[in-house]
Amino acid sequence: MTTIPLACQEQLLPGDDLIRKYTLATALGYHGIELRGRGDLAFVRRLPELRRARAAGVVMPTVCVEMDHFIGDFDPGRSRDAVRNLRSQLSVIAELGGVGAMTPAAWGMFSRRLPPFEPPRSPAGDRQVLLDALGELGEHARAEGVTLFLEPLNRYEDHMVNRLDEAVALCAAVGLPSVRVVADTFHMNIEEDDVHAALRAAAPYLGHVQVSDSNRCQPGAGHLDWPALLRTLLEIGYPGWLALECRLRGDPVRALQQAATVLRLAQPKRAAA
């Protein structure tokens, strides 16, 4: 019997280096570490550390971009820099034997829910900027043998891509199998009318899932129905990872153990292929 593997983002794990973090992670029930990719090409400068970790058996399937500007930035120079960093992150994660890198369209740049309510660029302009970036990054990802994942964020954090169907439409327009969608349970809790219907509709494009509870804390600290969510992912044949991206309420190690236990017990067993 098999289940969906669990990853934990590196900053959540106590420990002086990735090897120690991974030792703790596996003891708590995780199978890998999701990395964080900072700007100014910081991720590629970590290659000596990351190579040592891989040689020691650390599993690092994905990297989540961590910058103050993203591919959908209003400033063309900042958008280009985000693309440059993501190209580098895709190459690094490919060398590590990973699956791919993820990014939102933007974060904290603009919200239609806050003044001045109307962004300085039209929806058509937003779409073109995103398609250009996703197309370039998708081609690079394909050449490297990995995937670029686009993550919808809630309406208070981004104005361009809030729901899975919006991300799917962009992926479909790009038309590359190397560009897929991230489902984040916290953002879905805010934006999706029906989380399960949204996951089923996005299934052909769904490549990665990040998990946190309704309050952005660890699974089990809020009110999301984890057995129902995991059952839907298994029913649609979701092939990827569940990566913990959240705040930790209470003692960090106990919180991480709680999350792993909740996610493991929530998964109905499926037959191995």
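No hydrogens, no waters, no symmetry mates; every other heavy atom, side chains included, goes into these values.
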Between Glu192 and Leu164, is there a donor-acceptor pair closer than 3.5 Å when you use the side chain of the first and the backbone of the second?
yes
Just by modelled atom types, is the Ala243 backbone N or O under 3.5 Å from a matching donor or acceptor in the Gln9 side chain?
no
Sidechain-backbone polar pair: Ser79 side chain, Ile71 backbone, donor-acceptor under 3.5 Å
yes
Ignoring hydrogens, what is the shortest heavy-atom contact between Ala173 and Arg127? Give both atom names and the distance.
CB-NH2, 3.6 Å
In Å, rounded to the nearest 0.5 Å, how long is the span from CG of Leu90 to CD of Glu144?
7.5 Å
State, with a plain yes or no, whether a side-chain heavy atom of Leu224 is found less than 4.5 Å away from one of Asn189.
yes
So, Arg80 and Glu136, do they make that salt bridge, N to O below 4.0 Å?
yes
Where do Arg163 and His187 land on the side chain to side chain contact (heavy atoms under 4.5 Å, CB included) test, with the steps shown first?
CA-CA 8 Å; Arg163 301 187 313 273; His187 299 299; over 6 Å; no
In Å and rounded to the nearest 0.5 Å, what is the CD to OG distance from Glu139 to Ser178?
6.5 Å
Is the backbone of Asp40 close enough, under 3.5 Å, to the side chain of Asn85 for a donor and an acceptor to pair up by distance?
yes
Indicate whether any N or O donor in one side chain lies under 3.5 Å from an N or O acceptor in the other, for Asp132 and Gln128.
yes
Indicate, with yes or no, if Trp241 and Trp226 share a hydrophobic cluster defined by side-chain heavy-atom contacts under 4.5 Å among Ile, Leu, Val, Met, Phe, Trp and Tyr.
yes
Measure the CD1-CD distance between Ile4 and Gln267 for me, rounded to the nearest 0.5 Å.
5.0 Å
Less than 3.5 Å apart, any donor N or O on the side chain of Asn215 or His223 sitting next to an acceptor on the other?
no
Going through the checks in order, is the side chain to side chain contact (heavy atoms under 4.5 Å, CB included) test met by Met60 and Leu18?
CA-CA 10 Å; Met60 299 166 282; Leu18 286 170; 4.2 Å; yes
Run the salt-bridge test on Asp184 and Arg216 with the 4.0 Å N-O cut-off and return the result as yes or no.
yes
Evaluate the criterion side chain to side chain contact (heavy atoms under 4.5 Å, CB included) for residue pair Arg121 and Phe74; output intermediate values, then yes/no.
CA-CA 7 Å; Arg121 189 171 60 203; Phe74 294 138; 3.6 Å; yes
Are any of the side-chain nitrogens in Arg38 or Glu66 under 4.0 Å away from the carboxylate oxygens of its partner?
yes
Asp75 atom CG: more than 12 heavy-atom contacts under 6.0 Å:
yes
Kindly indicate, with the supporting measurements, whether the criterion side chain to side chain contact (heavy atoms under 4.5 Å, CB included) is fulfilled by His196 and Arg231.
CA-CA 9 Å; His196 306 282; Arg231 185 166 55 249; over 6 Å; no
Just how far is it from atom CG of Leu248 to atom SG of Cys217, taken to the nearest 0.5 Å?
8.0 Å
Under the 3.5 angstrom rule, does the side chain of Ser88 hit a backbone N or O of Arg84 as a donor-acceptor pair?
no
Tell me whether Phe186 is reachable from Val209 by hopping between hydrophobic residues (I, L, V, M, F, W, Y) whose side-chain heavy atoms are closer than 4.5 Å.
no
His159 and Ser111: side chain donor to acceptor below 3.5 Å
no
Of Thr3, Leu6, Leu229, the residue whose pairing with Leu263 passes side chain to side chain contact (heavy atoms under 4.5 Å, CB included)
Leu6
Nearest 0.5 Å please: distance from the OG1 atom of Thr261 over to the CG atom of Leu256.
10.5 Å
Please report the C-alpha distance between Lys21 and Glu10 in whole Å, then the side-chain angles of each, then the deciding distance to 0.1 Å, and finally whether the salt bridge (charged side-chain N to carboxylate O under 4.0 Å, His left out) criterion is met.
CA-CA 7 Å; Lys21 288 174 181 283; Glu10 60 177 311; over 6 Å; no
Counting distance only, does the side-chain N/O of His208 pair as donor-acceptor with the main-chain N or O of Val182 below 3.5 Å?
no
If you measure from the Lys or Arg side-chain nitrogens to the Asp or Glu carboxylate oxygens, is any gap between Asp81 and Arg78 under 4.0 Å?
no
Can a donor-acceptor pair be found, under 3.5 Å and without considering hydrogens, that links the side chain of Arg200 to the backbone of Val195?
no
Taking the side chain from Tyr205 and the backbone from Ala167, do they hold a donor-acceptor pair closer than 3.5 Å?
no
Surrounding CZ of Arg247 (heavy atoms of other residues, nucleotides or ligands, distance under 6.0 Å), is the total greater than 12?
no
Sidechain N-carboxylate O distance under 4.0 Å for Arg54, Glu95
no
With a 4.0 Å cut-off on N to O distance, would you call Arg36 and Glu245 a salt bridge?
yes
Asp158 (side chain) donor-acceptor with Asn154 (main chain) under 3.5 angstrom
no
Between Arg46 and Glu49, is the closest basic N to carboxylate O distance under 4.0 Å?
yes
Picking from Gln258, Arg249, Gln257, what satisfies side-chain hydrogen bond (donor to acceptor under 3.5 Å, both in side chains) with Gln218?
Gln258
Donor-acceptor check, side chain of Gln89 to backbone of Gly37, threshold 3.5 angstrom: yes or no?
yes
If only side-chain N and O atoms count, and only distance matters, is there a donor-acceptor pair under 3.5 Å linking Trp107 with Asp68?
no
Nearest 0.5 Å, please: how far is CZ in Phe110 from CD in Glu157?
15.0 Å
When clusters are formed by joining ILVMFWY residues with side-chain heavy atoms under 4.5 Å apart, either directly or through shared neighbours, do Val146 and Leu47 land in the same one?
yes
